[in-house]
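A quick write-up on the structure given underneath.
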Amino acid sequence: MSSLRVLIVGCGIQGNKRRGFLGSDFAGSVDPVAEGAQYKSLSDVPLDSFDAAFVCMPYQGKYEAIHYLLSNKKHVLAEKPLLLQNEQFTALEDLSRQHNLVSYTAYNHRFERHFVNMKHVLDSDMLGKIYSCRMFYGNGTALDVKKSDWKDQGYGVVYDIGSHLLDTVLFWFGREIASFSLECCHKFENNAPDHAIMISKGTPFIELEMTLLSWRNSFCCTILAENGSAHIDSLCKWGPSIFTVRSRIRPSGRPTEESKALVQSDQTWQDEYDFFKNLCLKGKSWSNLGNDRWIQANLPH
């Protein structure tokens with residue numbers, strides 16, 4: 001595969017993690033305060049020194065950075081969530097089309113092996129009519145978030161983890177889902193919400209629970225349907241990750257069951273970079289900003 005010169009904009013946790021998967025494609029970094037960054041400002045970086053940029057910065061200034069990069073004919077991967085005004089989304093989409101660029105908002109869980117397996121099962125219609133979906137995503141980062149100058153504000157865990165869960169709903173079910181409402185929202189330890197539940201009351205009925213207060217990092221999902229159920233227990237990074245499909249026995253009885261267990265490192269970051277890089281090397285306009293519009297419409301404001 002050809003090389004792609006990638007600039008890292010923002011050298012926090014996400015920026016440094018992304019850099020680790022670039023290898024020789026790494027072209028430099030920008031951060032106003034981080035030690036080791038080659039540049040303090042994006043405008044200081046010679047435009048002929050990179051082809052694409054990873055925008056791994058706080059909400060404030062993110063739109064301006066992406067707009068600058070697309071205007072100067074650079075592909076962009078932006079860390080989630082991307083929360084903008086409608087006219088700002090339109091401006092970025094127009095720039096992407098005008099210059100044949102990729103404008104990609106990163107949601108690496110789409111590359112989780114068992115998330116892909118769930119997508120295949122749902123698309124196959126083997127489960128029949130889907131009745132409900134419940135997801136729980138918890139980690140124990142409340143104190144880390146509380147120390148952040150910008151993370152412990154606004155809607156906290158709802159925007160951070162909630163956006164991931166909404167994107168997963170979008171990945172599995174598409175956009176024809178009833179709107180979500182914020183059913184409960186708690187600030188148990190933090191200034192911003194550190195536990196919340198969102199619900200879509202259509203069919204399927206969907207419940208998304210998220211927290212920063214889990215004593216053990218945890219993800220689980222249960223989908224109940226006409227012909228059976230499908231389940232995910234844990235992510236690969238916290239493994240083992242188990243995917244189970246159960247076939248319903250009528251009128252009652254113990255269902256038949258198939259399970260797949262994965263014990264491996266988290267491959268989603270590398271897979272997502274490979275996906276982004278392939279899009280860039282095609283030299284055609286591509287954007288998933290329509291997904292960001294849907295996610296924003298379903299997040300509280």
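The chain is numbered in sequence order, starting from 1.
- The cluster map of Ile, Leu, Val, Met, Phe, Trp and Tyr, joined by side-chain heavy atoms under 4.5 Å apart, puts Phe188 and Val157 in different clusters.
- Side-chain contact of Arg293 with Thr90: a donor-acceptor pair under 3.5 Å is present, judged by distance alone.
- Atom OG of Ser41 and atom CG of Asp31 lie 11.0 Å apart (nearest 0.5 Å).
- Summarising the geometry of Cys221 relative to Met118, their closest heavy-atom pair is SG-CE, 4.2 Å, with the distance given to 0.1 Å.
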Check the pair Ser96, Gln98 against side-chain hydrogen bond (donor to acceptor under 3.5 Å, both in side chains), reporting the backbone distance first and the verdict last.
-> CA-CA 6 Å; Ser96 178; Gln98 179 184 345; over 6 Å; no
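- Through direct or indirect side-chain contacts shorter than 4.5 Å among Ile, Leu, Val, Met, Phe, Trp and Tyr, Leu47 is connected to Leu7, Val9, Val30, Tyr39, Leu42, Val45, Phe50, Val55, Met57, Tyr63, Ile66, Tyr68, Leu69, Leu70, Val76, Leu82, Leu84, Phe89, Leu92, Leu95, Leu101, Leu289.
- Between Asp94 and Arg97, the shortest heavy-atom contact is OD1-NH2, 2.5 Å.
- Panel note: side chain His75, backbone Val102; a donor-acceptor pair is recorded below 3.5 Å.
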Applying side-chain contact (heavy atoms from CB on, under 4.5 Å), run through Arg254 and Ile249 and close with a yes or a no.
-> CA-CA 7 Å; Arg254 183 175 180 176; Ile249 302 297; over 6 Å; no
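- A salt bridge does not link Lys17 with Glu79: every distance from a Lys NZ or Arg NE/NH1/NH2 to an Asp or Glu carboxylate oxygen is 4.0 Å or more.
- Ser181 is listed as a side-chain neighbour of Glu183, based on a closest heavy-atom distance under 4.5 Å.
- Across all non-hydrogen atoms, the minimal contact from Leu235 to Ser241 is C-CB, 3.8 Å.
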Starting from the C-alpha separation in whole Å, work towards a yes-or-no answer on side-chain contact (heavy atoms from CB on, under 4.5 Å) for Tyr273 and Leu4.
-> CA-CA 11 Å; Tyr273 176 55; Leu4 184 75; 4.0 Å; yes
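- Under a 3.5 Å cut-off, the side chain of Lys146 and the backbone N or O of Glu189 do form a donor-acceptor pair.
- Taking the side chain as every heavy atom from C-beta outward, Ser179 and Asn298 approach each other to under 4.5 Å.
- A 4.5 Å side-chain heavy-atom check between Thr105 and Asp167 finds every atom pair outside the cut-off.
- Phe219 and Phe115 have tilted rings, their planes meeting at an angle from 30° to 60° on a 0 to 90° scale.
- Leu165 and Phe136 fall into different hydrophobic clusters, defined by Ile, Leu, Val, Met, Phe, Trp and Tyr side-chain heavy atoms under 4.5 Å apart, directly or through other members.
- Rounded to the nearest 0.5 Å, atoms OG1 (Thr222) and CD1 (Ile232) are 9.5 Å apart.
- Using a distance-only test at 3.5 Å, with no hydrogens or angles considered, no donor-acceptor pair links the side chain of His67 to the main chain of Gln88.
- Inter-residue side-chain proximity for Pro300 and Val158 is flagged as met; some heavy-atom pair is nearer than 4.5 Å.
- Closest approach of Leu127 and Ser229 over heavy atoms only: CD2-N, 3.9 Å.
- Hydrophobic clustering (ILVMFWY, side-chain heavy atoms < 4.5 Å, transitive): Leu77 and Phe26 are in one cluster.
- At a threshold of 4.5 Å between non-hydrogen side-chain atoms, the residues Ser214 and Asn139 do not count as touching.
- Interatomic distance, NZ of Lys62 versus CG of Leu83, reported as 7.5 Å (0.5 Å rounding).
- Using a 4.5 Å cut-off between side-chain heavy atoms of Ile, Leu, Val, Met, Phe, Trp and Tyr, with links allowed through other members, Trp269 and Phe275 fall into different hydrophobic clusters.
- Residues Met135 and Met210 have side chains not in contact (no heavy-atom distance under 4.5 Å, counting atoms from C-beta outward).
- When ring centroids are compared, His109 and Tyr137 come within the 6.0 Å threshold.
- Taking the six-membered ring for Trp, Phe171 and Tyr107 have ring centres at least 6.0 Å apart.
- Under a hydrophobic-cluster definition in which Ile, Leu, Val, Met, Phe, Trp and Tyr are linked whenever side-chain heavy atoms come within less than 4.5 Å, directly or via other members, Trp238 and Ile13 are assigned to different clusters.
- The CG atom of Asn288 sits 9.0 Å away from the CG atom of Leu279 when rounded to the nearest 0.5 Å.
- Looking only at atom types and distance, the side chain of Asp123 has no donor-acceptor partner in the side chain of His120 under 3.5 Å away.
- A donor-acceptor pair is defined here as one N or O able to donate and one able to accept, closer than 3.5 Å; no such pair exists between the side chain of Tyr131 and the backbone of Phe205.
- In the model, Asp274 has a side-chain atom that pairs as donor or acceptor with a side-chain atom of Gln270 under 3.5 Å.
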Candidate pair Val145 and Asp194, rule side-chain contact (heavy atoms from CB on, under 4.5 Å), full reasoning | CA-CA 9 Å; Val145 169; Asp194 47 29; over 6 Å; no
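- A donor-acceptor pair under 3.5 Å is absent between the side-chain atoms of Trp294 and the main chain of Leu166, judged by distance alone.
- Looking at Asn190, its side chain does come within 3.5 Å of a backbone N or O of Ala142 through a donor-acceptor pair.
- With respect to the salt-bridge test (charged N to carboxylate O, under 4.0 angstrom), the residues Arg248 and Glu226 do not qualify.
- Checking side-chain atoms of Glu207 against main-chain N and O of Ile199 turns up no donor-acceptor pair under 3.5 Å.
- Residue Arg134 holds its CZ atom at 13.0 Å from CD1 of Ile223, rounded to the nearest 0.5 Å.
- A tilted orientation is assigned to the rings of Phe276 and Tyr104, their planes being inclined by 30° to 60°.
- Rounded to the nearest 0.5 Å, atoms CG (Asn108) and CD (Gln267) are 12.0 Å apart.
- Heavy-atom contacts from other residues, nucleotides or ligands closer than 6.0 Å to CD of Glu87 number more than 12.
- Thr244 has its side chain within reach of Arg246: a pair of non-hydrogen atoms, C-beta onward, lies under 4.5 Å apart.
- When all heavy atoms of Arg175 and Gly290 are compared, the pair lying nearest together is NH2-C, 3.4 Å.
- Put simply, the side chain of Asn227 gets close to the backbone of Met126: a donor and an acceptor are under 3.5 Å apart.
- With respect to Asp271, the salt bridge (charged side-chain N to carboxylate O under 4.0 Å, His left out) criterion is satisfied by exactly one of Lys277, Arg113, Arg110: Arg113.
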Checking salt bridge (charged side-chain N to carboxylate O under 4.0 Å, His left out) for the pair Glu112/Lys237: CA distance, chi angles, key distance, verdict?
-> CA-CA 9 Å; Glu112 186 78 23; Lys237 62 181 177 181; over 6 Å; no
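- Remark: the backbone N or O of Asn191 is paired with a side-chain donor or acceptor of Asp152 at under 3.5 angstrom.
- Nearest approach of Lys80 to Ser163, heavy atoms of both residues: CD-OG, 3.4 Å.
- Counting non-hydrogen atoms of other residues, nucleotides and ligands closer than 6.0 Å to NZ of Lys40 gives a total above 12.
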side-chain contact (heavy atoms from CB on, under 4.5 Å) assessment of Leu22 paired with Arg5 = CA-CA 9 Å; Leu22 289 178; Arg5 299 172 300 167; over 6 Å; no
